Visitor: 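Take this structure first; my questions come after.
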Amino acid sequence: MDLLDKYKKAWNNQPKETDTFSALEIYKLAHSKSSSVVKWIFIIALLEFVLWSSLNLLMPEDFYKIYRDLNLMHFINIFTIFHYLIIVAFLFLFYKNYKRISLIDNTKRLIKSILGIRKTVKYYVIYNLAMVFLISIIVNITMFSDSDKLLKTMNPNNLTMDISQVLTITIITQIIVLIVVLVFLWLFYKLLYGILLRKLNTNYKELTKLDNLN
Amino acid sequence: MQKDLETKFLTDFEKNQNIAHKICRIYTTNTNAHKDLFQEITIQLWKNYSKFRGDSKFSTWMYRVALNTAISLYRKSTRTVKTQDFSDFAYKIKATDYDDTEEKQLEALYKAIHQLNDIEKALIFLYLEDKPYKEIADTLGISSVNARVKMTRAKEKLKNILNP
């Protein structure tokens, strides 16, 4: 045991931590869980990215048939690449937020960066919803601009229907589907990021209170 | 009541924070991770403070909560030491003036501890802090016999790393 005893003496004589925290700083540490919330925002965004992209990859070829029929395949490919670039940029921002917020020890800067993070998340959700909206508008415009194509895509079995019937049915279904998808996505984001943002908000309020006390 | 409790917690913790810093030093290898762990320990201590009845000393209770926080947080993290990360901390030790050989010993000791797994780290830490087996067992939630067995193994491993 003599070997370890020697080290034990060194351990007991080690200097005390010079970088200590005051009671106020400890209060802040105990009450601000912001950095872990931001970490979760990053992790969930990452998981979401994996989920959507694997769904994309797992889609059967048939799914793209409608785009191919509409001659939109080229556009869809370019759009997908563009979309993933934007998402990766967002992921990078989330990661940077997380790294930054775990370093901050100043109340004012923490408040500022929480505001920044809330904005980033908001833009992220808006971007995703807007993209769904935009892409369906583009697909629909291409579809309606050419009545032959429209008939071919919407009525592949050549049922006896005239163009105005097909048009009405298509418009109604498209609008319903778009609304349902947007509402579903909105709820999804609201639930997922809403909970995290609410936590961040509580921290924000506490921090402002604390900042006012000083 | 809540305010009184909080003030008491803050003053007690402020006085004993060196325990948490030492734990951070053995479980992390750079300043950022040190701060993160310290914050996590602070959060856990405050969350559990209402359950602390004062039948043991604040420091004893703090050893338990802080060590368990570190163990559960670093359970899955890697056990390799990054030398460039370590130098960050080594610099901090050198900044104070004391015996050169002890300084080298301490550096070697930390390097060796960083190679142990999360439970071994806790055992060695409590040994270095001169805790009796009864308290070590209570802190880690194992039996005294088990603590003795595990401690012997951890010490052997540490000695082998220090003096291969």
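These values consider heavy atoms only, across backbone and side chains, with no hydrogens, waters or symmetry-generated copies. Values in this document were obtained by computation on a predicted structure and should not be read as measured data.
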Visitor: Could you tell me the separation between the CZ atom of B:Phe38 and the OG1 atom of A:Thr20, rounded to the nearest 0.5 Å?
Guide: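 Here the rounded value is 8.5 Å.
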Visitor: Looking only at non-hydrogen atoms, find the nearest pair between A:Ala10 and B:Leu106 and report the distance.
Guide: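 Heavy atoms of A:Ala10 and B:Leu106 come nearest at O-CD1, 3.8 Å.
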Visitor: Could you tell me if the side chain of B:Lys159 sits less than 4.5 Å from the side chain of A:Tyr7, heavy atoms only?
Guide: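 No, too far: nothing below the 4.5 Å cut-off.
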Visitor: Should we count OH of A:Tyr127 as having more than 12 external heavy atoms under 6.0 Å?
Guide: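 Enclosed: over 12 neighbouring heavy atoms sit under 6.0 Å from OH of A:Tyr127.
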Visitor: Looking at A:Phe133, I want to see if its CZ is surrounded by more than 12 non-hydrogen atoms of other residues, nucleotides or ligands under 6.0 Å.
Guide: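 Open.
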Visitor: Please flag which part of B:Ile19 lies under 4.5 Å from any non-hydrogen atom of chain A: side chain, backbone, both or neither.
Guide: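 Interface part for B:Ile19: neither.
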Visitor: If you draw a 6.0 Å radius around OH in A:Tyr95, do more than 12 non-hydrogen atoms from other residues or ligands fall strictly inside?
Guide: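 Incorrect, the count does not exceed 12.
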Visitor: Which one, B:Thr42, B:Thr11, B:Leu128, leads in non-hydrogen pairs under 4.5 Å with chain A?
Guide: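 Heavy-atom pair counts peak at B:Leu128.
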Visitor: Within the 4.5 Å heavy-atom criterion, are A:Gln14 and B:Arg25 side-chain neighbours or not?
Guide: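 Side chain of A:Gln14 against side chain of B:Arg25, heavy atoms only: contact under 4.5 Å found.
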Visitor: Give a yes or no on whether the backbone of B:Glu102 and the side-chain of A:Asn13 come within a donor-acceptor separation of less than 3.5 Å.
Guide: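 It does not hold such a pair.
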Visitor: Do other residues, nucleotides or ligands put more than 12 heavy atoms under 6.0 Å from the OH atom of A:Tyr84?
Guide: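 Yes - once you tally the heavy atoms of other residues, nucleotides and ligands closer than 6.0 Å, there are more than 12.
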Visitor: So, do B:Phe13 and A:Phe21 have ring centers that fall under 6.0 Å from each other?
Guide: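 No; A:Phe21 has its ring centre 6.0 Å or more from that of B:Phe13.
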Visitor: Go through the atoms of B:Ile41 and report whether side chain, backbone, both or neither lie under 4.5 Å from a heavy atom of chain A.
Guide: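 Neither part; nothing is under 4.5 Å.
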Visitor: Measure the spacing between NZ of B:Lys155 and CG of A:Leu4 and express it to the nearest 0.5 Å.
Guide: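 Here the rounded value is 7.0 Å.
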Visitor: Rounded to the nearest 0.5 Å, how far does NZ of A:Lys8 lie from CG of B:Leu109?
Guide: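 So the gap between those two atoms works out to 11.5 Å.
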Visitor: Regarding B:Lys22 and A:Glu17, does a basic nitrogen lie under 4.0 Å from an acidic carboxylate oxygen?
Guide: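 Looking at A:Glu17 together with B:Lys22, the answer is no, because their closest N to O distance does not fall below 4.0 Å.
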Visitor: Decide whether B:Glu129 and A:Trp11 meet the rule of one side-chain donor and one side-chain acceptor closer than 3.5 Å.
Guide: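 There is such a pair (donor and acceptor under 3.5 Å, judged by atom type) between the side chains of B:Glu129 and A:Trp11.
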